[in-house]
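Worksheet: one structure, shown below.
Counting starts at 1 for both ligands and their atoms, following the listed order. Below, all heavy atoms of this structure are taken into account, side chains as well, without hydrogens, waters or symmetry copies. The structure displayed is predicted, hence computed values, not measured ones.
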Amino acid sequence: MKISPKVREFLCLTAHPEGCQKNVENQITYVKKHSEVKNGPKKVLIIGASTGYGLASRINAAFGCGAATIGVMFERQAAGKRTATAGWYNTAAFEHAAANEDLYAKTVNGDAFSKEVKDQVIDLIKKDLGKVDAVIYSLAAPRRTAEDGTVYQSVLKTTGEDFTNKNLNLKDNTIGEKTIEAATEEEVEATVKVMGGEDWKAWIRALTDADAIEEDAVTFAYSYIGPELTYPIYFEGTIGAAKKHLHKTAGEISEEFKENGISAYISVNKGLVTQASSAIPIVPLYMAVLYSVMKEKGLHEGCIEQITRLFGEKAVFGQAETDGQGLIRLDDWELKPEVQAEVERRWEKINTENVREYADIEGYWEDFYQMFGFHMDGVDYEKDLDPSVNIPSIP
Ligand code: NAD
C-alpha cells in the first residue's frame, strides 16, 4: 500500500518505513563524519531508544563509539493496514545498519517502568554482555503504572495561577492565545512520578543488585530548562517539577552508588521538535521562532548534532563539562543572550499575518513530518509498500 501522513494536530497516525530508514541512515552518516569521542563506552543500555534524543544517543554509542547497544522502547508493530509507529521502523533500520557493521544491537519492546521489562533487560545483559558500562535514560512517557498497580498520568500544566500566552494553532498555522490551567497538587505529584527520577534510580538499583553494571559506569538523563518565556509552562510547570526531581536524583544516584563508582549526570538539551515536545502548548511557537533565529545565526542543531556534541565536546564519558550546578549544558547555544533577545523581540511582534517572517513554520513542520519518515529526500512516496517490518532481535 501507499503510505501518506495522517496528521491530527500534534500527532501523525501513520509512519513511513523507508522514510524512517532514510532518517536513521542520515543520522548514522552524520555521526560517522563528526563523532570525536575519547574513552567511549562499549556496552550501552538506552532506555527510550527509538526516537528523538534516545535514538540519537543509540546511534552515537554504536556508530561513534563502536558500542554494543540494548535499547528499550514502547512501540507498535504494523497490523493490517495500520502502519507501525516511527520508533518501530527506526529501530528496524538501526538494527539492520548495526548488523552490517557487526555491531551487537538488541531491543526490548515493553513498558520500561515495569519490573518485567527490567528483569528481561537484565537477563539479556547478563547473557550477552555480562555488564553495561553506560546507561542513558531518555524516556518521555505520558503515564506510568507503578508496582502496586496505581496509574500515574503526567499532565502539561502550569503551577500557581493559570497562564495565558501566544500559541501556534497547529491546525492552520494561525497565532491565537492559549490559557494553561494551574495543576492541582495531585497532578504535580503524578507528573513527578512519571517524568521525575524515581524510575531512573530504580533501573540503576536493579542493575547494581543484579551485578549487571560495571564499576565506574556512567549514567545520564535528559532535561530541559528553556528561557524565562516558557518558564510558566515548562520549568515552573508540572514537567519542570518532574525535571527538578530528576536533577536531584542525579546527585542521589552518584551518592548512593558511590561504592560502585557510578557517576550520574543530567544533560540539559535544546528544545527540539519531537513526539514528546510537540504536545506541549505554547512550546511549538517558541520552537518555531527559536529555529528561525538559530538558523539565521548558524547555531541550529537537531537531536543528532546535540548528542554528538554531548559525547564529544562535552566529554560525558570523561571529564564531563558541567556548570556550577553539575549540569551538562547542551542548551548553551539556545540560551545565548543574543539568541534569546532576538526571540523575545519577535515574540512581542508575532501574529497570524507576520508568522512566517518571524518564525520558521516550514522548518517546524519539516522536522515534524520527518519524525514520521515523511518529506525525506530520496524516498519514493508513490511506491507500494508492505507496512509490516520485522525488527531482527524481536521475535
Ligand atoms: P521522544 O518522544 O522522541 O522519545 C521517547 C522515547 O521513550 C521513545 O523511544 C519511546 O518508545 C520511549 N518510551 C515512552 N514510554 C515508554 C515506556 N513506558 N516504556 C519504554 N519506553 C517508552 O522524546 P524526546 O523528546 O527524545 O525525549 C527524551 C528525553 O529528552 C525526555 O526526558 C525529554 O524531557 C528530554 N528532552 C527533550 C527535549 C525536546 O525538546 N524534545 C529537550 C530537552 C530534553
Side-chain angles (χ1 to χ4, degrees), residues 10-12 15 20 23 45-59 70-76 84-91 94 107-118 120-121 136-146 151-154 156 191 193-197 199-200 203 220-226 230 234-235 237-240 242-247 249-250 266-280 283-284 286-287 290-291 301-304 306-307 310 327-331 334-335 364 367-368 370-372 391:
F10 55 80
L11 270 181
C12 182
C20 289
N23 198 345
L45 169 63
I46 305 105
I47 302 157
S50 54
T51 54
Y53 277 117
L55 173 64
S57 307
R58 190 176 196 184
I59 292 174
I70 293 180
V72 183
M73 63 179 195
F74 206 29
E75 303 291 347
R76 198 190 63 224
T85 52
W88 181 277
Y89 292 139
N90 290 340
T91 302
F94 173 87
T107 307
V108 172
N109 189 36
D111 184 3
F113 293 115
S114 71
K115 183 171 181 317
E116 293 71 37
V117 165
K118 289 187 178 76
Q120 203 183 330
V121 169
I136 304 173
Y137 193 81
S138 187
L139 273 198
R143 73 188 66 79
R144 167 181 177 187
T145 307
V151 178
Y152 297 97
Q153 198 83 36
S154 99
L156 294 163
T191 309
K193 276 277 179 196
V194 182
M195 289 297 285
D199 183 61
W200 179 25
W203 269 99
F220 47 93
Y222 295 136
S223 183
Y224 184 67
I225 293 177
T230 61
Y234 201 95
F235 203 55
T238 47
I239 181 74
K243 290 302 184 192
K244 284 170 194 152
H245 185 272
L246 189 77
H247 296 187
T249 306
I266 295 291
S267 173
V268 183
N269 300 352
K270 174 188 190 231
L272 276 175
V273 181
T274 63
Q275 295 189 40
S277 66
S278 39
I280 310 175
V283 165
Y286 165 71
M287 286 197 296
L290 180 73
Y291 273 31
E301 296 174 295
C303 292
I304 200 69
Q306 280 263 292
I307 303 303
L310 175 66
L327 307 171
I328 300 174
R329 301 308 295 259
L330 277 179
D331 60 348
E334 171 178 355
L335 294 187
Y364 177 88
D367 272 18
F368 178 85
Q370 291 188 353
M371 255 183 341
F372 301 93
I391 295 178

What protein heavy atom sits nearest [atom], and how far away is it?
atom	value
atom 13 (N) of ligand 1	L139 CD2, 3.6 Å
atom 17 (C) of ligand 1	F74 CB, 3.6 Å
atom 3 (O) of ligand 1	T51 OG1, 2.8 Å
atom 42 (C) of ligand 1	K270 O, 3.2 Å
atom 26 (O) of ligand 1	Y53 N, 2.8 Å
atom 35 (C) of ligand 1	Y222 CB, 3.8 Å
atom 12 (C) of ligand 1	G48 CA, 3.8 Å
atom 2 (O) of ligand 1	A276 N, 3.4 Å

Do the non-hydrogen side-chain atoms of [X] and [Y] ever get within less than 4.5 Å of each other?
X	Y	answer
T51	M371	no
Y53	R58	no
R144	V151	no
V273	M287	yes
Q120	V72	no

Using modelled atom types only, decide if a donor and an acceptor are shared between the side chain of T85 and the backbone of R76 within a distance under 3.5 Å.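 Yes, because the side chain of T85 sits within donor-acceptor range (under 3.5 Å) of the backbone of R76.
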
Does the K270 side chain pair with the main chain of G226, one donor and one acceptor, at a distance under 3.5 Å?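 No: the side chain of K270 does not pair with the backbone of G226.
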
[X]-ligand 1 polar pair, N/O distance under 3.5 Å:
X	result
Y224	no
E75	yes
S50	yes
T274	yes

Please confirm whether M287 comes under 4.0 Å of ligand 1, counting heavy atoms of the residue only.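 Contact absent.
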
What do you reckon, does G87 put a non-hydrogen atom under 4.0 Å from ligand 1? no

Tell me the contacting part of S277 for ligand 1: side chain, backbone, both, or neither, using a 4.0 Å heavy-atom threshold, strictly below.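 The side chain, only.
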
Could you see which bit of R144 sits under 4.0 Å from ligand 1, with heavy atoms only: side chain, backbone, both or neither? neither

Please determine, by modelled atom types, if Y222 and S57 share a side-chain donor-acceptor pair under 3.5 angstrom.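 Distance-only check passes for Y222 and S57.
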
How long is the straight-line distance from [atom2] of [Y] back to [atom1] of [X], given to the nearest 0.5 Å?
X	Y	atom1	atom2	answer
N269	S223	CG	OG	8.0 Å
I266	I225	CD1	CD1	9.5 Å
D111	L139	CG	CG	8.5 Å
S278	L11	OG	CG	7.5 Å
Y234	L156	OH	CG	8.5 Å

Where the closest heavy atom to [atom] is concerned, which of [options] has it?
atom	options	answer
atom 27 (O) of ligand 1	G54, A140, S57, A56	A140
atom 28 (C) of ligand 1	A242, S138, A279	S138
atom 44 (C) of ligand 1	S223, A112, A141	S223

Go through ligand 1 atom by atom and flag the ones less than 4.0 Å from a non-hydrogen atom of [X].
X	value
A49	9 (O)
L272	39 (C), 40 (O), 41 (N)
K243	31 (C), 32 (O), 33 (C), 34 (O)
D111	17 (C), 18 (N), 19 (N)
G110	19 (N), 20 (C)
G271	40 (O)
G52	3 (O), 26 (O)

Please find the pair of heavy atoms, one from I47 and one from A112, that lie closest to each other, and give the distance. CG2-CB, 3.8 Å

So, is the end of the K193 side chain (NZ or CZ) under 6.0 Å from the ring centre of F113 and within 45° of the ring's axis?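 Not flagged: K193 not positioned over aromatic ring of F113.
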
